[in-house]
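Worth saying up front: this structure is predicted, and the values here are computed from it rather than measured. Just so you know, these numbers use all the heavy atoms, side chains as well, and skip hydrogens, waters and symmetry mates. One-based numbering along the sequence shown.
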Amino acid sequence: MKRILASLSVRQRITIVLAALAVGAALYGAVRWQQEADFRPLFTGLSAEDASGIMQKLKESGTDYRLAEGGGTILAPSARIAELRITLAASGLPKTGRIGFELFDKTNLGATEFAEQVNFRRALEGELERSVMSLAEVDQARVHITFPKDSVFLDQQQPAKASVLVHLKPGSRLAPQNVLAINHLVASAVEGLSPDAVSVIDMNGNLLGRPKPAGSPDGAEPSEANLDYRRRMEADVIAKISATLEPLLGADKYRAGASVECDYSGAEQSEEIFDPARSVMVSSQRSEDQSGGTSSSGVPGTASSLPRPVSRPGAAANRVSRVVENVTYQSSRTVKKTRMPAGAVRRMSLAVLVDQSVTWEKDGKGFRRVLVPPATEKLKVIRDLVAGVTGFSAERGDQLIVETLPFETTLLLEPPQSAPPAAKPEPSRFTLDRKTMWIGGGALAAVLLIVVVVALAAGRKRGARGAEQPPQALPAPVEHAVAALSAPGAGLEQQLEAKIAERDAIQKKLDLEALTALKLAPPITKTAEVLAKHLREKIKEDSGLAAHVLQSWIREEG
């Protein structure tokens with residue numbers, strides 16, 4: 001090693017030292033990173049008191065730990081997470097809320113009755129805090145209880161009350177059913193506590209659940225449940241009106257409102273009706289009394305009271321007979337008991353506002369807005385529909401108002417920029433369709449081109465020959481066409497067909513001459529046949545017009 005070091009230059013030695021330091025630093029960093037990566041959360045969301053107690057226990061046991069999230073989270077080696085949690089739980093850490101019934105684990109013989117009552121309330125509040133904090137939405141909770149105050153005087157008795165302060169987790173909220181569940185949870189754990197006497201608030205001061213005030217004896221102040229029932233009734237009535245009028249008027253052409261007065265006092269009604277025309281026997285009693293004997297006189301006493309035998313025949317005897325009959329009659333009656341449920345509709349007020357339509361009239365260079373209200377018959381139909389769908393009853397005192405006024409959106413409509421387009425004139429009876437016009441135009445252009453080419457070719461031939469050629473005879477179809485036109489008994493359609501055949505023959509002759517001059521092959525086209533067919537159809541539809549056209553052609557020929 002000495003020889004190797006002696007053979008190295010100063011630069012090489014410095015490089016070796018720097019490389020060794022870099023490798024050592026990298027190894028140290030890797031080890032520290034491995035150690036820090038091995039730390040896992042032991043407890044999260046701790047209060048300052050719980051974090052202090054846990055740190056003290058970890059220091060006593062010599063366990064390495066880390067703090068995160070401002071001291072609210074304690075990290076520990078992942079291999080000892082389960083062991084440390086069990087050990088700290090045995091020590092009562094972390095304390096979730098206040099101490100519970102473990103407060104009575106140690107007996108204090110010197111405690112007074114007042115101190116025992118205070119400790120019992122503290123333990124009960126601590127247990128309730130733990131129960132409330134076990135909810136998924138609640139992070140922390142505080143519970144305060146006031147026990148009922150008993151007294152021999154009724155006006156000095158006070159019921160039990162409670163208040164719950166909750167700290168919700170970020171992004172969480174308590175639904176009304178969750179608040180009701182907390183009320184019943186606290187009320188079930190405290191003797192004599194009603195769920196209506198529990199107030200629930202959050203850390204922001206929002207009242208989530210309040211004690212319901214005791215209603216007045218006459219029920220003048222409606223409860224929140226009654227107001228919710230009334231709102232639901234009104235929303236149901238408006239929904240029925242909207243479902244009926246929307247197909248008729250449109251969604252933005254009307255507005256409906258409803259006010260429903262309900263009777264929340266449930267009662268039982270008893271009715272007893274007597275019918276004097278009908279009577280029935282309720283009871284009948286009959287008694288008969290008979291007695292007999294001889295008359296006697298003497299000194300009052302026992303001897304005179306005893307019966308004496310008759311001494312002689314024919315002596316008179318006294319007999320008494322009495323019949324008593326008692327019959328009781330009663331008119332027939334009907335007893336009816338009716339139970340009147342709470343929430344019956346006492347009175348209903350309905351209002352429907354219908355929008356007006358807008359028309360524009362020409363006013364100089366601009367337009368003038370004209371509002372057109374709905375017809376009276378239409379408003380009557382709307383009123384009848386609303387009355388039928390909502391159960392309107394004039395005898396009950398219901399009120400229904402249907403009015404028409406222009407809406408703000410209707411008044412803000414912009415006038416049109418120009419006058420409406422004029423009505424298009426009706427097409428003529430002899431108007432060709434688009435396809436026929438294109439075919440005719442193409443055929444006319446082709447004919448004009450051919451005529452120009454033929455004229456040029458003919459001029460060149462006449463200049464070259466220098467002599468005037470005699471006119472050629474017309475082809476056979478043309479002669480037949482002329483003969484048909486000159487025939488006295490030819491019909492209109494036959495004459496027109498002959499004229500078309502004549503023109504087709506001339507056009508073919510010109511085409512042949514032009515193609516001969518240009519040395520081109522004659523193309524195959526059916527334009528003339530299509531036009532002839534179309535003309536035949538038009539002649540059948542309107543023969544008079546075709547006759548005028550034919551007469552004009554004959555005049556031109558003349």
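Distance check, rounded to the nearest 0.5 Å: CH2 of W360 to CG of L413 gives 6.5 Å. K169 contributes atom NZ, which lies 11.0 Å from atom CD of Q140 (distance to the nearest 0.5 angstrom). One finds the OG atom of S270 at 11.5 Å from the NZ atom of K336 (value rounded to the nearest 0.5 Å). Distance CG/L168 to CE/M203: 9.0 Å, rounded to 0.5 Å.
When side chains are defined from C-beta on, F147 does not count as touching Q117, because their heavy atoms never get closer than 4.5 Å.
Taking a 6.0 Å sphere around CD of E403, one finds it holds 12 or fewer heavy atoms contributed by other residues, nucleotides or ligands. With a 6.0 Å radius and a threshold of 12 heavy atoms from other residues, nucleotides or ligands, Q177 has its CD atom above the threshold.
The closest donor-acceptor contact from the side chain of D398 to the backbone of S393 lies under 3.5 Å. Between the side chain of Q158 and the main chain of P148, no donor-acceptor pair closer than 3.5 Å is present. Side-chain N or O atoms of E234 include one that pairs as donor or acceptor with a backbone N or O of V260 at under 3.5 Å. Not one N or O on the side chain of R40 forms a donor-acceptor pair closer than 3.5 Å with the backbone of L75.
The aromatic rings of Y264 and Y229 sit perpendicular to each other, their planes meeting at more than 60°, with 30° as the lower class boundary.
Tested against L385 for a side chain to side chain contact (heavy atoms under 4.5 Å, CB included), the candidates T244, T390, I241 yield a single pass: T244. Considering T409, T410, T404 in turn, T410 is the only one that fulfils the side-chain hydrogen bond (donor to acceptor under 3.5 Å, both in side chains) rule with D355.
At a cut-off of 3.5 Å, with distance as the only test, no side-chain donor of S349 or S259 sits close to an acceptor on the other residue.
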